[in-house]
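Naming: A, B, ... by sequence-line order, numbering from 1 per chain. In this text the structure is predicted, and so the values were computed from the model without any measurement.
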Amino acid sequence: MYISPIPTRTGRFIATFSDRELAALAFPAGPSSPLDEAVARTPLPPRVAGWARLTRAALTDALAGQPPAELPPLDLSTGTEFQQGVWQAMLRIATGDTRSYGQIAADIGRPKAVRAVGQACGANPVPVLVPCHRVTASGGRLGGFSSGLEWKRKLLAFEGIEVTDAGKVAPRA
DNA sequence: AAGTATCCATTTA
DNA sequence: TAAATGGATACTT
């Protein structure tokens with residue numbers, strides 16, 4: 001596994017790569033330990049460095065409300081079949097658009113598996129690039145977000161979606 | 001506008 | 001195996 005910090009205007013994300021693809025992405029966290037720093041400075045194999053660049057570009061676009069031009073190879077194999085289905089469905093949500101848990105459930109052919117969808121969202125290893133934040137509760141309410149509701153709100157705001165105090169999501173204020 | 005019954009894949013005991 | 005647990009929903013007061 002390779003670790004690489006991904007600097008963005010919203011903070012320093014941490015990307016984790018296997019030797020085949022991007023395996024995980026973590027939101028900016030608190031101060032890192034000296035050990036983390038040392039790991040972060042370890043030079044990456046050229047191939048991995050390339051993915052890191054792609055990741056940064058994609059993340060930069062996403063955080064600017066632009067659809068990423070190109071995504072690094074994503075390792076979604078960590079999930080179960082069901083979860084992968086959910087993640088794929090999320091990847092199909094356009095930037096600036098949202099779906100409800102119910103719609104995702106319907107998309108993958110399990111109209112009633114709404115709750116399971118919520119769980120699968122939380123298990124998403126690559127937040128932002130796999131837009132788990134674009135999945136809202138029904139009726140446009142915000143719903144939850146394992147990485148922090150503030151992030152969800154912020155990410156949606158970048159895409160021009162406002163969350164009103166009533167908990168509704170409105171396209172471009 | 002609240003409270004309740006149910007929904008389903010994972011995880012944990 | 002069984003029970004608990006989520007980023008929930010739909011139906012009932």
Tell me the stems DNA chain B sits in, counting at least three consecutive Watson-Crick or G-U wobble pairs, each under 3.5 Å on both distances.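 DNA chain B forms these stems: B:1-6 with C:8-13, B:8-13 with C:1-6.
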Among pairs that include at least one residue of residues 23-60 of chain A, which meet ring-ring contact (aromatic ring centres under 6.0 Å, His included), considering only residues two or more places apart or in two chains? A:F13-A:F27, A:F27-A:W151
Between C:dG7 and B:dT6, how far apart are the P atoms? Round to whole Å, please.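 Nearest-Å result for B:dT6 against C:dG7 at atom P: 23 Å.
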Could you list the residues that satisfy salt bridge (charged side-chain N to carboxylate O under 4.0 Å, His left out) with [X], not counting sequence neighbours?
X: A:R53; value: none
X: A:E37; value: A:R12
X: A:D36; value: none

Keeping A:R134 on the side-chain end and A:L155 on the backbone end, is there a donor-acceptor pair under 3.5 Å? no
Side chain of A:Q84, backbone of A:E81: donor and acceptor closer than 3.5 Å? no
hbond_proxy A:R115 side chain to B:dC8 base (donor-acceptor, 3.5 Å cutoff):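 Such a pair does not exist between side chain and base.
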Applying salt bridge (charged side-chain N to carboxylate O under 4.0 Å, His left out) as the test, list every pair that has at least one member in residues 105-128 of chain A; sequence neighbours left out.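 Sorted pair list comes back empty.
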Qualifying salt bridge (charged side-chain N to carboxylate O under 4.0 Å, His left out) pairs, either residue in residues 93-104 of chain A, two or more places apart: A:D97-A:R99
Residues within residues 117-133 of chain A bordering DNA chain B, heavy-atom distance below 4.0 Å: A:Q119
Residues of residues 100-111 of chain A with a heavy atom under 4.0 Å from any atom of DNA chain B, listed by number, are A:R110
So which atom in [X] and which in [Y] form the shortest heavy-atom distance, rounded to 0.1 Å?
X: A:D19; Y: A:R47; value: O-NH2, 3.3 Å
X: A:A15; Y: A:L22; value: CB-CD1, 3.9 Å
X: A:S4; Y: A:L44; value: CB-CD2, 3.8 Å

Hey, can you pull the residues of residues 143-152 of chain A with a non-hydrogen atom under 4.0 angstrom from DNA chain C?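 Those residues are A:G144, A:F145, A:S146, A:K152.
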May I have the distance from A:E81 (atom CD) to B:dC8 (atom C1'), rounded to whole angstrom? 15 Å
Note, A:P131 side chain near A:L91 side chain (heavy atom, < 4.5 Å): yes
Taking the side chain as everything from C-beta on, heavy atoms only, tell me whether A:H133 gets closer than 4.5 Å to A:P127.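 Side chain of A:H133 against side chain of A:P127, heavy atoms only: no contact under 4.5 Å found.
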With a strict under 4.0 Å distance from non-hydrogen atoms of chain A, what nucleotide opens and what nucleotide closes the contacted stretch of DNA chain C, reading 5' to 3'?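 Result: C:dT5 to C:dT9.
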Hydrophobic cluster identity match, A:Y101 and A:L149, side-chain contacts under 4.5 Å: yes
Which residue pairs pass the side-chain hydrogen bond (donor to acceptor under 3.5 Å, both in side chains) test when at least one of the two sits in residues 61-77 of chain A, sequence neighbours left out?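 Qualifying pairs, neighbours excluded: A:D75-A:S77.
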